Amino acid sequence: MILTDLQIEGFRRFASPVRLDGLGPGLNVLAAPNEAGKSTLLAALKAVLMVRSSSKAKPVKDLQPYGGGAPHVAVSFTWKGMDCHLEKQFISKAFTRLMLGSERFEGDQAEEALRNLLGLEEASKGEAAGLWSALLVGQGESFAQPDLNQTGQDSLRSCLEHGVEHATGGAAASAVLSRVRDRLHLLQTAKSGQPTGKYKQALEQEAQAQAYLQDLENRRAALEEDLAALDQARRALREQEDPERKAQDEAELVALRQLRDKLRVADAEEQAARAALATVTHTRNSIRDEQERRQERRETQRKLEREAAEMQHDLQALTQRTAQARQRYEESRTQREQAEQQQQTARQALLAVSRRATVLQQRVALDRSKQTLHRAEAACTRLEQARAALAALQVDEALIRRVRKAVREQDAAQAALNARATRLTVTLQPEAAGRVLLDGAVCPQGETVLTQAADVQVDGIGQFRITPAVKDHDEALAAADTARQQLQSVLHSAGCQSAEDAETLFEERRQAETRVAEARAAFVASLPTARDERDATLFEALAMLRQELRDQVAALEREQAAFEQDCQPELTGAAGTRAVQTGTETVCSAEAAGSARGDQTEATLQVLQQKARQEEERAARVADEARQTERAELAAYNAAQNLQDKAEATLRQKQTERDQVGRELAVSAARESDEALAARAAEAAQAQAQAEAHVQALKAGRETEQPLSVVETRIMRREQGLENARTSIARLREEIKERETRVRVAEGDGLDEKIAEAGRTVSRLKLECEGYERERAALALLDQTLSNAEKTQTERYLAPLVRTLQPAFSTVFPGASLEMDTGFGLCGLTRRTAEEFGKLSDGTREQIAVLVRLGFAELLHARQSPAILVLDDALSFSDSQRLELMFDVLADAATRFQILVLTCRVEAFARLGGRPLSLRPIPQITERR
């Protein structure tokens, strides 16, 4: 059996149709990250092969995607060279279609044909089980050996009995055991051992007879109870129908209703008075609140005016302080520039003396044989430094190409977004600067590109919201964000902050490569006797150079005379460097006197260098002090300017608040003057006093009256009592009539005779059930005996299964031998010593469980039965060596039957090979009719 196509829709995370592309014979590998849907694919394959489409069980409902839907799965496969197709839809409009070559099956017929093809049997609630349950290995199931049900074990036995039946007599023993179990299953169920058939029917009849007998006895007890209750009900009815009691209750009810009507009128009058009082009180409170608000605004206005005057005075002082700080800053900057000029002059003097010292050292060094060797070592050092600098620069040609590509993509995405954006052109009058804000900042002059909603605020006018009508705005913005993130990712990998930094580093790398080449060329050039540029020969050239330099001493002495004639001071006139010029001239005169005075000349030059260096250090200290002073004055100036800006902003805010309060007072006064408001307040106070007096008078008049709620409760209680009495009389009459009828029926029904007959029936059925129980126990004992015999027989023909598993086990566990139990599980492994399966490591147990399943598939394939193995995220605890061995075993098995491997470990399983699979969205599932 070879899967060729798998399509699913509305299945867990796959709400839209998808197809598993690339399926074919042999080894198939789907390598995808977590949550890509690999486990969902396996669940879909299990559902389409082993679950009825008509099932309504909870596991089937769990297959639905978020939001609901009808899971739909279609799978195509080949079987013995025949093209087959299976399609199922669950829950809504469920159906099953199966095509086996030219044969077509629908509904239950298709389900039965599929089970017969795969060797499955019904397990529970529409789900089938068999050996295939062990071949479709879900995530986390690969650590345990397959748990085979009876059908799966029978499938393996049928495979193993082929060729060994004559040696074991397995067919006859299985036939006897089958007949015993068939007979036993007539009396009890196969799985739970519960009674069934005639035995269950006899038990039910016995229970019914017991219930009938109990019912008769209950009816006799109920008759006795009815006689006692009938007498009690007749006495209660006589008490309820007393006419004098009824007339008294009705008279009390009429008097209470009259009192209630009187109290309702008084209550309505009091409520009206309280409502009038509340209205007048609310009006007076509103007037008082308005007066208080006006007074608060006047006080606030006076307070704001005082604070604004104080702030104006403080602002003037701050403005003067800021001007003084700026003047001090300008003076410090001038002093710093002068100090830096003096430092530069001293540095030039030091450099001049150092240059002259270098010339002298070079000329003196010409007399020594190690001068050329020194230059060669310096060149070698420069080469090593250049190589180290080159290695530190990571931005090479490939990385800069990625950066440039990401920059182009970001520019293109931003250009596409800007092309769709809205443009805002602003031209402001000079006096309007700062009054127009865009998103809280000062609005710029000219054109502004808007890709998102923006707020324009005009001081004193209002606020406007501009929403760009950009087509595909979210997509363009997402594309721009994606391009920017990609650029940042590439820059992060290059260790750069921007594309310009990357270009700079790339240019530095190119220059470093040039410097390496130049340094190596200089090193090679410093050794003219080197035969080639290999490092091994360069050191040999150094030894030869030492001998050549001894021969050059005479030539260097001739050049010394020429150097003394050309020695002239090179320092230009500066007031602080005259002593250095004089010393340099002295050095030149000493050089001209002869080489015997070289040490004295060098000492003199060192003194001059020391003086020049001290002068340069002094000038540097002065310059540093000037720079520190400048920074301090700049910080003081910035602090003063910030205080001034804050004071100006606070003053403007106070003035705005003062103006706002003034406008509010003007609006209030225009609406109603203070005099009119005071007059209305006096009228409201007088009306409130009158309303309160009226309410108190009504309240005093009702102090001796009963509360209305109490009277209404009494009326309700009296009415409920009369209604209960009427209901009780009707109920008692009905109860008396009903009990009289039951007594007459029971007295003529012959209960005692029926109770005796029911007792005899219960005894007969009890004896029948005991007979069935004895038969069931005998059959169960025979089944156990035959099962033990079959177990012994199964142990004899487990050898073929072990032989099937042994090659793969020997590949992964060299020299190991297997021990199988009668449930077709690996119970032990012998490697020098016997090892129990449960005590092995997780990785070893997982590898063994996968190998056992491979053996089952091999047996099915050898018997020409449908065979396929699917592994979801298996071998996750295998080391690299064991993983390679398992890859070899899987690849070898895939030459005989199809294997699907689903994994999230893309790198580790890249060495497995096989057909690469992929998930691809499709418009709809391809239906075959």
Side-chain angles (χ1 to χ4, degrees), residues 300 304 307-308 311-312 314-315 318-319 322-323 326 403 406-492 496-502 634-635 637-664 666-667:
T300 301
L304 291 173
E307 292 177 351
M311 289 180 180
Q312 185 66 38
D314 295 340
L315 179 60
L318 287 174
T319 302
T322 302
R326 181 176 181 82
V403 172
V407 170
R408 289 195 299 271
E409 291 177 353
Q410 181 189 16
D411 294 341
Q414 188 63 40
L417 182 62
N418 292 340
R420 297 185 179 95
T422 299
R423 284 167 170 76
L424 174 65
T425 303
V426 178
T427 304
L428 301 176
Q429 297 297 328
E431 61 274 9
R435 296 180 56 192
V436 180
L437 304 179
L438 177 61
D439 286 337
V442 177
C443 183
Q445 295 274 9
E447 185 179 88
T448 302
V449 177
L450 301 180
T451 58
Q452 295 181 346
D455 294 325
V456 178
Q457 183 177 357
V458 181
D459 187 18
I461 301 299
Q463 182 170 332
F464 308 89
R465 186 167 184 83
I466 302 174
T467 303
V470 180
K471 183 180 181 182
D472 300 332
H473 174 267
D474 294 338
E475 291 78 358
L477 189 58
D481 290 341
T482 301
R484 183 166 52 254
Q485 292 173 3
Q486 291 177 351
L487 176 59
Q488 291 300 324
S489 177
V490 174
L491 290 175
H492 179 71
C496 303
Q497 297 294 328
S498 63
E500 289 78 9
D501 293 344
L634 177 60
Y637 168 65
N638 291 334
Q641 186 65 46
N642 290 336
L643 290 175
Q644 181 181 347
D645 294 341
K646 290 180 181 178
E648 291 176 352
T650 306
L651 177 60
R652 288 194 297 270
Q653 182 179 359
K654 289 296 180 182
Q655 292 173 346
T656 302
E657 293 176 359
R658 180 196 60 193
D659 296 341
Q660 179 65 27
V661 173
R663 285 193 295 270
E664 292 175 356
V667 171

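For the numbers below, each heavy atom of this structure counts, side chains included, while hydrogens, waters and symmetry mates do not. None of the values given here were measured: they were computed from a predicted structure.
- Taking CZ of R408 as the start and CG of D411 as the end, the distance is 9.5 Å to the nearest 0.5 Å.
- Within the model, atoms CG of L437 and SG of C443 stand 8.5 Å from one another, a figure rounded to the nearest 0.5 Å.
- To the nearest 0.5 Å, atoms NZ (K646) and CD (Q653) are separated by 13.5 Å.
- Shown here for A499 and V407, the closest heavy-atom pair between the two residues is CB-CG2, 3.5 Å.
- Between D455 and F464, the closest side-chain pair of non-hydrogen atoms is not below 4.5 Å.
- Summarising the geometry of S498 relative to L491, their closest heavy-atom pair is O-CD2, 3.5 Å, with the distance given to 0.1 Å.
- No more than 12 heavy atoms of other residues, nucleotides or ligands shown are found within 6.0 angstrom of CD on Q497.
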Kindly determine whether E307 and L304 satisfy side-chain contact (heavy atoms from CB on, under 4.5 Å), including the steps that lead there.
CA-CA 5 Å; E307 292 177 351; L304 291 173; 3.9 Å; yes
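- Between A413 and A479, the shortest heavy-atom contact is CB-O, 3.9 Å.
- Interatomic distance, NE2 of H492 versus CG of L487, reported as 13.0 Å (0.5 Å rounding).
- From N642, atom CG reaches atom CG of N638 across 6.5 Å, with rounding to the nearest 0.5 Å.
- In terms of heavy atoms, T322 sits closest to Q641 at CG2-OE1, 3.2 Å.
- Side-chain atoms of L315 and Q644, non-hydrogen and from C-beta on, do get closer than 4.5 Å to each other.
- Under the 3.5 Å distance criterion, the side-chain polar atoms of S489 are left unmatched by any main-chain donor or acceptor of Q485.
- Heavy-atom minimum distance, V403 versus A502: CG1-CB, 4.0 Å.
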For a side-chain contact (heavy atoms from CB on, under 4.5 Å) check, start with the C-alpha distance between Q463 and V456, then their side-chain angles and the critical distance, and finish with the verdict.
CA-CA 6 Å; Q463 182 170 332; V456 178; over 6 Å; no
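- Here the CD-CD distance, from Q410 to Q486, works out to 10.0 Å after rounding to the nearest 0.5 Å.
- In this structure, the side chains of L651 and Q312 come closer than 4.5 Å at one or more pairs of heavy atoms.
- Here the shortest heavy-atom pairing between R658 and A308 reads NH1-CB, 4.4 Å.
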Working note: D659 + R663, criterion side-chain contact (heavy atoms from CB on, under 4.5 Å); need CA distance, chi angles, decisive distance, verdict.
CA-CA 6 Å; D659 296 341; R663 285 193 295 270; 3.7 Å; yes
